[in-house]
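Below is one structure; the comments refer to it alone.
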Protein chains: 2
Amino acid sequence: MARAGVTVERLAEAAAELADEVGLEKVTVSELARRFGVKDASLYSHIRNAHQLRVRVAVLALAELADRGAAALAGRAGKDALVAFANAYRGYAKEHPGRYTAMQVELDPETAKASAARRHSDMMRAILRGYSLAEPDQTDAVRLLGSTFHGFVSLEQAGGFHHHPRGADESWGRVLDTLDVALRNWPTHEGDADASSTP
Amino acid sequence: MARAGVTVERLAEAAAELADEVGLEKVTVSELARRFGVKDASLYSHIRNAHQLRVRVAVLALAELADRGAAALAGRAGKDALVAFANAYRGYAKEHPGRYTAMQVELDPETAKASAARRHSDMMRAILRGYSLAEPDQTDAVRLLGSTFHGFVSLEQAGGFHHHPRGADESWGRVLDTLDVALRNWPTHEGDADASSTP
DNA sequence: CGCCTTTCCTAGGACTCCTAGGAATATACA
DNA sequence: TGTATATTCCTAGGAGTCCTAGGAAAGGCG
């Protein structure tokens with residue numbers, strides 16, 4: 001009998017596909033072994049435990065999404081870049097819900113440093129070049145972008161927008177418009193720094 | 001031998017405390033039974049299954065957080081209301097990480113309708129009265145607020161802000177400033193509607 | 001006091017995670 | 001080519017969780 005040809009890479013890839021199909025919490029060592037035609041105990045020469053399996057999915061997803069983000073960003077600047085990147089982010093989450101969920105697991109510091117997490121914040125900083133923000137505002141803006149993207153996608157995935165006629169796509173477009181305006185009118189120092197409104 | 005006095009309410013409360021202590025994924029029927037001094041099989045006269053246990057924690061948390069939000073909102077308007085509500089939200093998540101995580105599980109439509117989820121969006125709409133937005137902009141703005149709050153808290157909880165000197169509190173304050181400015185300068189119609197920047 | 005409902009029990013099956021130790025297969029090197 | 005070594009995969013089994021079935025004790029009610 002030939003060997004099944006299990007490698008860590010193929011394992012992570014299969015786990016990611018499984019996660020997209022049935023949800024991350026159903027990504028189990030046993031089920032994965034079943035898909036490779038192998039006994040579950042055999043997988044423990046490749047992975048430490050079930051948790052590490054999910055971590056590998058997270059790392060895989062971070063890298064994939066970073067690639068998509070980079071492709072979306074290429075040749076764009078300003079609001080164009082912002083929208084393209086945001087759509088890449090949301091599109092990936094729609095296409096790969098399990099991988100996206102996996103991205104939310106907390107990585108230990110070493111794994112986090114070896115992951116593509118840094119590329120993500122670097123790309124957001126690249127977007128912000130179109131808005132000329134100095135530190136520490138740049139860091140704050142990166143966190144605003146990350147929070148808004150992740151928050152929207154997360155709520156959408158949890159079905160939070162289903163119970164209302166207004167479509168999620170329209171809201172998403174409006175949120176991006178608003179982010180663009182907010183970044184251009186970034187509050188300069190303490191409190192308010194703008195005109196209009198509040199009679 | 002007297003009975004243990006298990007009720008659905010005490011069960012949900014204990015599950016919520018357990019979730020805050022050890023994380024939602026470790027909230028198990030067996031562990032809960034152990035804490036009540038009862039065999040695990042005994043709990044199935046009170047709950048349908050393990051998943052429903054987590055759903056009950058979610059419903060409990062939604063109600064608690066709605067109460068806090070309402071208290072924070074009382075007597076405030078405009079940016080004051082925005083900041084107070086946002087801080088209530090973030091504070092609850094910090095205080096009750098397990099409950100907060102539970103809030104993210106997807107509820108079936110009936111449960112969702114019976115939950116305090118509606119109160120949450122109502123309160124956000126109340127905040128927006130200080131910014132005079134008509135539909136559908138109001139719905140979009142509610143989604144922006146929800147996304148930003150949840151996204152920030154979620155990333156913070158996942159340790160996403162630890163690897164940078166800039167404190168999360170400062171960024172949070174800045175994010176709220178920015179939201180306030182964004183709501184006051186809400187982009188009126190198609191695309192841009194503002195001055196400044198983009199040379 | 002006897003009846004009925006609810007709560008809790010024992011028993012057990014199915015599944016997952018993971019370890020230990022051994023067998024089979026591929027690879028490297030003489 | 002043949003043999004040593006490393007890796008992959010196996011069987012066996014323990015521990016833990018989820019959940020069902022059916023029965024026994026505890027409390028409430030006529």
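Chain A is the first sequence line, chain B the second, and so forth, proteins listed ahead of strands; every chain is numbered from 1.
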Touch class at under 4.0 angstrom, heavy-atom based, for A:N49 against every strand present: sugar-phosphate
Value in whole Å for how far the P atom of C:dT10 lies from OH of B:Y44: 16 Å
Whole angstrom value for the distance that separates P of C:dT19 from CG of A:L43: 13 Å
Taking only the side-chain heavy atoms of [X] (C-beta and beyond), determine which of [options] contains the nearest atom.
X: B:S45; options: C:dC8, D:dC18, C:dC17; result: C:dC8
X: A:K39; options: C:dC18, D:dC10, D:dC19; result: D:dC10
X: B:S42; options: D:dC9, C:dT7, C:dC9; result: C:dC9
X: A:R34; options: D:dT20, C:dT16, D:dC18; result: C:dT16
X: A:V6; options: D:dC9, D:dC18, C:dA11; result: D:dC9
X: A:R54; options: D:dT11, C:dC17, C:dC8; result: C:dC17
X: A:A41; options: C:dT19, C:dC9, D:dC18; result: C:dT19
X: A:H46; options: D:dT17, D:dT8, C:dA20; result: D:dT8
X: A:T28; options: D:dC19, C:dC8, C:dT16; result: C:dT16
X: B:D40; options: D:dC9, C:dC18, D:dC19; result: D:dC19

Sidechain N-carboxylate O distance under 4.0 Å for B:K94, B:E156: yes
Axis-to-axis angle between the two ends of the helix from C:dC1-D:dG30 to C:dA30-D:dT1 (five base pairs per end, rounded to 10 degrees): 0°
Minimum side-chain heavy-atom gap A:V153-A:Y92 below 4.5 Å: no
Centroid-centroid under 6.0 Å between A:F152 and A:W172 rings: yes
Heavy-atom donor-acceptor pair, B:R76 side chain to B:A72 backbone, under 3.5 Å: yes
Backbone N/O of A:A134 and side chain of A:Q138: donor-acceptor pair under 3.5 Å: no
Whether A:Y89 and A:Y100 hold their rings parallel, tilted or perpendicular, with breakpoints at 30° and 60°: perpendicular
Residue list, salt bridge (charged side-chain N to carboxylate O under 4.0 Å, His left out) with B:D80, at least two apart or on another chain: none
Residue-phosphate contact under 4.0 Å: A:R48 side-chain N/O, C:dC17 OP1/OP2: no
Phosphate contact (C:dC15 OP1 or OP2) by A:S30 side-chain N/O below 4.0 Å: no
